[in-house]
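Comments concern the structure below.
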Amino acid sequence: MTLTANTDELLVAYLDNELSATQRQQLEERLSHDAYLAERLLLLERSSLPFKSAFEPLLEAAPQSRLQAYLTPATAAVSRRHLIAAAVSFLALGVIGDRALLLLSQPEESWRELVAQYMALYTPQTLAETPTRQALEAQLKTTGTQLGLALNPESLALQDATLKNARVLSYDEQSIAQITWLDTAHGPLALCITGYSGKPITAKNEQRLGMNIVYWASTNHQFMVIGHGPMAQMNQIAQQLQSSLTGAS
C-alpha cells in the first residue's frame, strides 16, 4: 500500500498495525504536519470499534460484486480493507449516521438481514455509556411515538442486561426501531421493531452472521430479538418482551 492510497483505508491499516515500518514512519511524518489527517485518525480511533473483528461477519457475507460498483469502480477487485475503509468512511463522516451499514445491503434483502448486518458491528464498547433515566425515557417515548407503541423502562427490563438506548433507524423510508441492552455475559442485545400489516406470525428462530434471532409479528408490527446469547436464552427474552408489548400498540 502506498501513502497515496485512500485515506481511510490507510488509516484503518495503521490502526490495525498492518503497515510496514517504512509506511508507518512515513504516515507518522505526515500526521505531524497534516492537521486534517491527524483529525481523521483521531475520529476513527475514538469510535472504539475493533475494525478487523467488528467488520469480519459483515465482510464474510458482503455482496462484493455489488459493493464493487459502489466503492471501487476503477479497480478490478475489492479488497477486504477497501470495504472496511469505505464503511468506516460512511460512519465517520456522518453522511447517513445510523443508516450507514444498512446502505451496504442489497435492497431486496429482508429487514432482519439489514438489522443483523448492523448489529454485527456492535461490541460491548459500543454500548459502554448508560444514559440517565430521564434521557432513556425520552428516547423510548420518541421511538414509541414514531411506531405507535407505548414503551417504558419497566416493560423492557431484562435480567442480567442493562437497557442502553432506543432509536429509530430508516431504510428506504421504512422506520426500524432499535432498543439495545448490554448483556452481562453475552454482550450487545437488541429488540428491533418495524411496521407491519398482515397476519400475526408466531415466534420463529434463525441465525444470521453468528447471532441468534427470534422473530414474530402482530397485526401491526414485526419484532425481532437478536444477540449472541444461546437460543434458549433468546427465546426466553423474546417471550418476556412479547408479553410485555402485548397491547402496547
Side-chain angles (χ1 to χ4, degrees), residues 8 11-12 15-16 38-58 84 87-104 114-147 149-171 175-193 209-213 223-229 233-234 237 240-241 244-245:
D8 286 337
L11 294 177
V12 170
L15 290 172
D16 282 347
E39 182 179 355
R40 189 71 171 171
L41 178 66
L42 182 62
L43 184 65
L44 295 177
E45 193 173 26
R46 273 193 305 214
S47 70
S48 299
L49 285 174
F51 297 111
K52 290 182 67 177
S53 59
F55 278 82
E56 196 70 26
L58 179 61
I84 292 174
V88 171
S89 180
F90 282 137
L91 289 170
L93 286 171
V95 174
I96 45 179
D98 286 321
R99 294 186 61 197
L101 274 302
L102 299 185
L103 284 181
L104 296 181
L114 296 172
V115 170
Q117 290 183 8
Y118 191 84
M119 285 298 297
L121 302 179
Y122 275 42
T123 69
Q125 290 74 26
T126 309
L127 300 176
E129 295 184 8
T130 301
T132 64
R133 167 82 181 201
Q134 183 178 9
L136 187 56
E137 288 178 342
Q139 291 176 15
L140 290 171
K141 182 178 180 180
T142 299
T143 300
T145 298
Q146 293 191 48
L147 288 181
L149 288 169
L151 303 174
N152 59 74
E154 288 74 24
S155 64
L156 296 170
L158 298 177
Q159 184 176 2
D160 298 324
T162 303
L163 185 60
K164 289 293 185 174
N165 58 50
R167 68 190 76 186
V168 177
L169 313 178
S170 179
Y171 180 74
S175 295
I176 301 176
Q178 180 197 56
I179 302 167
T180 59
W181 295 259
L182 186 59
D183 183 281
T184 303
H186 304 290
L189 168 71
L191 166 68
C192 295
I193 311 167
L209 300 179
M211 292 170 288
N212 288 322
I213 295 171
F223 304 85
M224 64 178 287
V225 172
I226 179 170
H228 296 277
Q233 178 193 16
M234 302 302 289
I237 290 172
Q240 177 183 335
L241 293 175
S244 298
L245 293 169

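Numbers here simply count residues along the sequence, with the first being 1. Since we're looking at a predicted model, the values are computed, not measured.
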request  = For Thr180, enumerate each residue passing the side chain to side chain donor-acceptor pair (under 3.5 Å) test, keeping only those at least two apart in sequence or located in another chain.
outcome  = Asn165
May I ask you to test the [X]-[Y] pair for a side-chain heavy-atom distance under 4.5 Å?
X	Y	result
Leu241	Phe223	no
Ser244	Leu156	no
Gln178	Met119	yes
Leu163	Leu140	yes
Gln159	Gln240	no

Closest non-hydrogen atom pair, [X] against [Y]:
X	Y	result
Trp181	Ala190	CZ3-C, 4.0 Å
Ala128	Lys164	O-NZ, 3.4 Å
Gly229	Asn212	O-ND2, 2.8 Å
Leu147	Ile193	CD1-O, 3.5 Å
Pro153	Glu137	CG-CG, 3.9 Å
His186	His228	O-CB, 3.5 Å

note = Residue set satisfying side chain to side chain contact (heavy atoms under 4.5 Å, CB included) with Asp160, at least two apart, ordered chain then number -> Thr184
task = Would you please name every residue forming a side chain to side chain contact (heavy atoms under 4.5 Å, CB included) with Thr145, sequence neighbours left out?
result = Lys141
query = Is it true that the side chains of Thr123 and Gln125 contain a donor and an acceptor less than 3.5 Å apart?
reply = yes
message = Against Val225, only a single residue in Ile213, Leu189, Leu158 fulfils side chain to side chain contact (heavy atoms under 4.5 Å, CB included); can you say which?
response = Leu189
Criterion side chain to side chain contact (heavy atoms under 4.5 Å, CB included) against Pro188, the qualifying member of Leu127, Leu121, Thr126 = Leu127
Can you tell me how far apart [atom1] ([X]) and [atom2] ([Y]) are? Round to the nearest 0.5 Å.
X	Y	atom1	atom2	answer
Ile179	Leu191	CD1	CG	5.0 Å
Thr142	Leu151	OG1	CG	10.5 Å
Arg167	Ser175	CZ	OG	14.5 Å

